[in-house]
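First comes the structure, then the notes that go with it.
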Amino acid sequence: MEYTIIEGNYAKIGVSKMAEAVYFTFEGEKEQACAILLYAANGRQVRIPVPDAYCVGALRSVGIKGLNWKKYDYNYEIDGKLTFDQYARKIIGREKWADQARLEDGYQVRAGFDFADFDWQGDRFPEIPREQMVMYKLNVRSFTMDAGAVGRRKGTFAGVMDKIGYLRELGVTSLEFMPVYEFEELMPVETSRQEDIAAWSENAKEGFSLETRRETKPYKINCWGYIPGDYYAPKASYAAEAEPSVELKTLIRELHKNQMECILEMYFDETMNQNIAVEILRYWVMEYHVDGFHLLGAALPVNAMAQDLILRRTKLFAAEFHAHLLKKTAYPHLFVYNDDFLYAVRHLLSRVDGNILELLNQLKRQNQVFGFVNFVAGNNGFTLADLFAYERKHNEANGEGNRDGIEWNFSCNGGMEGATRKRHILEYRKKQMRNAITLVLIGQGVPLILAGDEFGNSQQGNNNCYCQDNKTGWVNWQVRKKQSSYADFVRNLIAFRRQHPILSSGLPMQMCDYASKGCPDLSYHGENAWILTPNQYPQAIGILYCGAYAKCADGTEDDYIYIGLNFSISGQSLALPNLPKKVKWHLVVNTADKEEPFRNEPLEIEEKAKIEIPLQSVMILIGK
């Protein structure tokens, strides 16, 4: 191979191509002996030393002219040690999911060249306002491995693409993907091995500990990817047929065509270079048109990310943001994403230390700078169906003695653990699922649904399915047919939320009639209208939204919306505030009604001062 080397391009980390040269820029001190190792398909290897002079700071960079990159893969050699390119755009060696043979054979993962052109077809970021967002969290493989995909498209970006129509019909606007960057899914399992040391000499026995002698086979599968990975490369095994980068870009382009967003989870541990972490986000925005990131891990440079100019219109989700970021921007893009809402709801539904006042604060949490994400189930814990079918986690299949996973789930099984045929228990569970999803969808923050929860997917009580690459961890699409009535309920509620913008107002509620609309934007009611009994822990409460404080899509004022919450074990009577003349109350939702919990044709109710809310249920009325 004939080639010429020149000094590289320090401005762009990784491998890039410009004119006739391919540039390699990587981390390496000037004092280190660095080289590029090129691997040809026929096994031939070419070693190209990088001159010490080609160094700025701790970056080494060299350009190679005359390199036919299509014929090669590459790695680096630093001080004689084989080193993988952590900035590689393509990974060679992990194309097949969980291929143990490659590890047992000692195969060295290599970096590949990815200069594939992609036609974005004029793609633009949807920039969906947070008031209109409905999030849906999924794992690419688990979401598409069961009956939801066909042949090679199972477990892939293409399989997700096949579900775009379904998700759009459900009402989802923003898909949150668990890690799609390249990571090693095979984890060696350490197992203790008892040794027969009776026949050993005393010298051999000295210093030996049975607890430290371990074996490292076989392997477990890490399905989720919450580990340090190769952050610049999409996961090769998530591609069905095309180049991984092309298939993922095609998926994102199709999401945007359907006015849907792509939000990626990014996990960085405490060893991550914080400057690089910011650069990684920029790369995914510029190269893949990603709309947002859920930031996970330790020592995250969240504030730097929030202030970065390239990321100013990229949605960032984190457990918290620094108070100095409380400055209104033209495009609000910061979201607090934690489990505060989850526990407020679970405490009340399971009747374990519930506080309805805490829930009310969670339902209305909002400010002009930070948005909030509301959910009751996520991958880290029970699914929504399991939340009301199991009181204890059942993670034995994970091989960790049921010690892994969250201990405090605040779940309730209705009287029997796990599967049952008892009708009253099944009806109780269905009602609790309706209660939970209703609370998520009436909260002022952004609602989030875990994949499969919209039709009652179960993981058989496993609340930590990170290693369950099987029917336990996969979304079971057959359940959708069996639970069609619940699936319809969820879809109708999402549509109801979209039709009534007062529920998702981006402005904090003032709890007063500051615009002289005739009643406060938000008010609470007990046994008497406008008055709450001085009880620190009420079991039931009425919530009234004044629709005049929000505009519908057609420019008209929204309706009055009254939500009756009852978490007690008996029916409760709540005051129903009077409406202006010619405006009547109509029943839309009654989670206790197993036949018609959602009414597509709202039922007008007779004029009365009070309304009876059935035990442990939610009712929604509109005044129109």
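Just so it is clear, the values below take in all heavy atoms, side chains as well, and ignore hydrogens, waters and symmetry mates.
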Minimum side-chain heavy-atom gap [X]-[Y] below 4.5 Å:
X	Y	answer
V109	R94	yes
F183	Y267	no
V15	D85	yes
N379	Y226	yes
I78	R60	no
D230	F84	yes

When you measure from the side chain of [X] to the backbone of [Y], do you find a donor-acceptor pair of N or O atoms at a distance under 3.5 Å?
X	Y	result
N463	G405	no
T25	N9	yes
D308	L311	yes
Q459	D386	no
Q362	L360	no

request  = Provide the full list of ring pair (Phe, Tyr, Trp, His ring centres under 6.0 Å) pairs with a residue in residues 228-262, sequence neighbours left out, each pair given once.
outcome  =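 For residues 228-262, and leaving out neighbouring residues, the ring pair (Phe, Tyr, Trp, His ring centres under 6.0 Å) pairs sorted by first residue read Y87-Y232, F157-Y238, Y181-Y231, Y231-F268, Y232-Y283.
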
ask   = Can you list every pair that meets ring pair (Phe, Tyr, Trp, His ring centres under 6.0 Å) and has a residue in residues 434-470, with sequence neighbours left out?
value =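 Only F455-W477 qualify under ring pair (Phe, Tyr, Trp, His ring centres under 6.0 Å).
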
message = Going by ring-ring contact (aromatic ring centres under 6.0 Å, His included), F375 matches just one of Y337, F317, Y136, F341. Which one?
response =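 Looking at Y337, F317, Y136, F341, the match for F375 under the ring-ring contact (aromatic ring centres under 6.0 Å, His included) is Y337.
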
Can you name the residues that form a salt bridge (charged side-chain N to carboxylate O under 4.0 Å, His left out) with [X], not counting sequence neighbours?
X	answer
K393	E407
E261	K315
D469	R141

inquiry  = Is it the case that atom CD in E320 sees more than 12 heavy atoms from other parts of the structure closer than 6.0 Å?
reply    =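 No, not enclosed.
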
Quiz: residues 491-499 side-chain donor-acceptor pairs under 3.5 angstrom, not counting sequence neighbours:
| residue | atom | partner | partner atom | Å |
| --- | --- | --- | --- | --- |
| R491 | NH1 | D488 | OD1 | 3.0 |
| R491 | NH2 | D488 | OD1 | 3.1 |
| N492 | ND2 | D488 | O | 3.1 |
| R497 | NH1 | L441 | O | 2.9 |
| R497 | NH1 | G443 | O | 2.7 |
| R497 | NH2 | G443 | O | 3.2 |
| R497 | NH2 | G445 | O | 2.7 |

request  = Start with the C-alpha gap between K96 and R102, add the side-chain angles, then the distance that decides, and say whether side chain to side chain contact (heavy atoms under 4.5 Å, CB included) holds.
outcome  = CA-CA 10 Å; K96 183 179 178 181; R102 62 178 166 79; over 6 Å; no

inquiry  = Over 60° means perpendicular and under 30° means parallel, so tell me whether F118 and W120 are parallel, tilted or perpendicular.
reply    =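 Perpendicular.
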
